[in-house]
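The next block holds one structure in the form of structure tokens; read it before the comments.
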Amino acid sequence: MTKKIVVTGGAGYIGSHVCVELINAGCEILIIDDFSNTHPEAVNRIREIAPGNISLLQCDLANAAQAEEIIEGVKAFGADGAIHLAGLKAVGESVAEPARYYTVSAMLTLVRALEAANARTLVFSSSATVYGELNDNPVKEDGKTGPENPYGRTKLFIEEILKDLSRGNENWRIVNLRYFNPVGAHPSGRIGEDPNGVPNNLFPFIAQVAVGRRDKLMVFGDDYTTRDGTGVRDYIHVSDLARGHVAALDYLSAQKTGGATDINLGTGTGYSVLEAISAFKRASNRDIPYEIAPRRDGDVAEIYANAELAKTLLGWRAEKTIEDMCADHWRWQSDNPDGYES
Ligand code: UDP
């Protein structure tokens with residue numbers, strides 16, 4: 001097992017859960033986070049859940065003036081590899097402000113830092129949004145790509161940059177993890193998703209309605225050709241997803257040759273918006289008022305993963321059910337109604 005791991009975006013929703021799983025697996029970690037969309041309290045909570053060797057570098061990977069500090073920090077840490085999660089993630093914002101999303105330089109600073117540390121092992125947080133609309137479900141890794149917005153395109157571009165990198169130098173070992181829809185929270189209720197402003201995603205929105213922060217949920221479209229007319233997605237518990245990163249690092253450290261591999265992280269099962277609402281209602285025992293609204297631009301009717309490659313290569317599979325996802329998401333939301341500011 002690779003031991004000293006840099007986690008960019010380690011204070012974020014997925015990052016904080018990845019840090020906990022890495023510490024549980026015996027790793028030492030260096031979190032690089034600028035706290036622009038995250039909260040320093042998340043780092044305290046990670047330390048509380050998983051006491052271990054956790055260092056922190058408060059830097060912005062996209063800021064050229066901080067590149068040398070980052071490179072020196074990664075070298076001094078003695079990194080064996082990195083998990084790159086830092087980045088903006090709001091699809092709508094990426095359409096409105098694409099220049100903030102095309103920050104390939106952030107990735108390249110991390111690449112320079114790993115080269116300086118002679119640690120060419122990297123797990124990249126990609127997304128199922130790299131797939132186009134033209135694929136049959138369940139979607140396999142060799143499905144057609146064709147992201148519909150700048151957010152998805154930045155994920156695809158970076159995947160391709162990383163493939164070029166591995167072609168150029170056979171010492172690079174890379175996995176691009178294509179996440180489906182991460183939801184839920186650590187079962188302790190101490191870390192979870194803490195969106196700024198109005199949540200874009202379904203689960204944080206449902207959770208804020210359940211806790212009384214918002215009046216009702218808008219269901220974006222009930223006229224899709226799905227079993228109940230609402231959109232179907234492959235929701236995956238964030239702790240399962242986080243374990244997938246540890247499995248990816250294990251896989252890379254066992255590889256004799258380099259390369260870059262795309263791997264889906266999903267459960268292989270889709271749930272509709274109405275099914276997700278019902279499950280959350282049962283878990284929280286709260287009413288979740290909703291209203292049917294027009295479809296949201298850019299949404300596909302249905303997408304869920306073929307999760308076989310992760311089983312074959314990583315020996316990983318999602319274990320938690322939609323009930324676990326809702327129960328854990330609700331525990332986080334009800335214990336921390338205003339997120340880390342609670
Ligand atoms: N959705 C919804 N209301 C919301 C947010 C999302 O009906 O307030 C629907 C959305 O249309 C999609 C599903 O919930 O069918 C998941 O959306 P989310 O934004 O969480 O993830 P996406 O799959 O779009 O990345």
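Counting starts at 1 for both ligands and their atoms, following the listed order.
Residues N196 and N37 have side chains that bring a donor and an acceptor to within less than 3.5 angstrom of each other. Looking only at atom types and distance, the side chain of N264 has a donor-acceptor partner in the side chain of Y131 under 3.5 Å away. Side-chain atoms of R178 and N176 include no donor-acceptor pair closer than 3.5 Å. Of the N and O atoms on the side chains of H237 and D328, at least one donor lies less than 3.5 Å from an acceptor on the other residue.
Contact annotation for N181 and ligand 1: only side-chain heavy atoms (C-beta onward) come within less than 4.0 Å of the ligand. Residue contacts with ligand 1, taken as heavy atom pairs separated by less than 4.0 Å, involve N201 via backbone and side-chain atoms alike. For Y224, no heavy-atom contact with ligand 1 is shorter than 4.0 Å.
Judged by the 6.0 Å distance and 45° axis criteria, K4 is positioned over the aromatic ring of F77. Figure legend: R45 and Y340 shown without cation-pi pairing, the cationic atom not lying both under 6.0 angstrom from the six-membered ring centre and within 45 degrees of its axis. The cationic group of R295 lies under 6.0 Å from the six-membered ring centre of Y224 and within 45° of the ring axis, placing it in a cation-pi geometry.
Close approach of ligand 1 to D299 is summarised as follows: ligand atoms under 4.0 Å from at least one heavy atom of the residue are 10 (C), 11 (O), 24 (O). Residue-ligand proximity, N200 to ligand 1, at heavy-atom distances under 4.0 Å covers atoms 5 (C), 19 (O). Below 4.0 Å from some heavy atom of M218 lie the following atoms of ligand 1, by number and element: 2 (C), 3 (N), 4 (C), 7 (O), 8 (O). Of all atoms in ligand 1, numbered sequentially from 1 with element shown, those under 4.0 Å from a heavy atom of G231 are 15 (O). For ligand 1, the atoms sitting less than 4.0 Å from at least one non-hydrogen atom of V219 are 7 (O), numbered in the order shown with element in parentheses.
Note: Y179 and H245 meet the aromatic proximity criterion, with ring centroids under 6.0 Å apart.
The shortest N or O to N or O distance between V273 and ligand 1 is not below 3.5 Å. Not one N or O of T129 is nearer than 3.5 Å to an N or O of ligand 1, by distance alone.
Under a 4.0 angstrom heavy-atom cut-off, Y151 registers as lying outside contact with ligand 1.
Using cut-offs of 30° and 60° for the angle between ring planes, the Y235 and F203 rings count as tilted.
Counting non-hydrogen atoms of neighbouring residues, nucleotides and ligands closer than 6.0 angstrom, the CD atom of E170 reaches no more than 12 such neighbours.
In this comparison of F180, Y179, Y235, the heavy atom closest to atom 16 (C) of ligand 1 sits on Y235.
In terms of protein heavy atoms, atom 20 (O) of ligand 1 is closest to L202 N, 2.8 Å. Atom 4 (C) of ligand 1 has F220 CE1, 3.3 Å as its closest protein atom, hydrogens excluded (heavy atom only). Ranking protein heavy atoms by distance to atom 12 (C) of ligand 1, first place goes to R233 NH2, 3.7 Å. Counting protein heavy atoms only, atom 24 (O) of ligand 1 is closest to R296 NH2, 2.9 Å.
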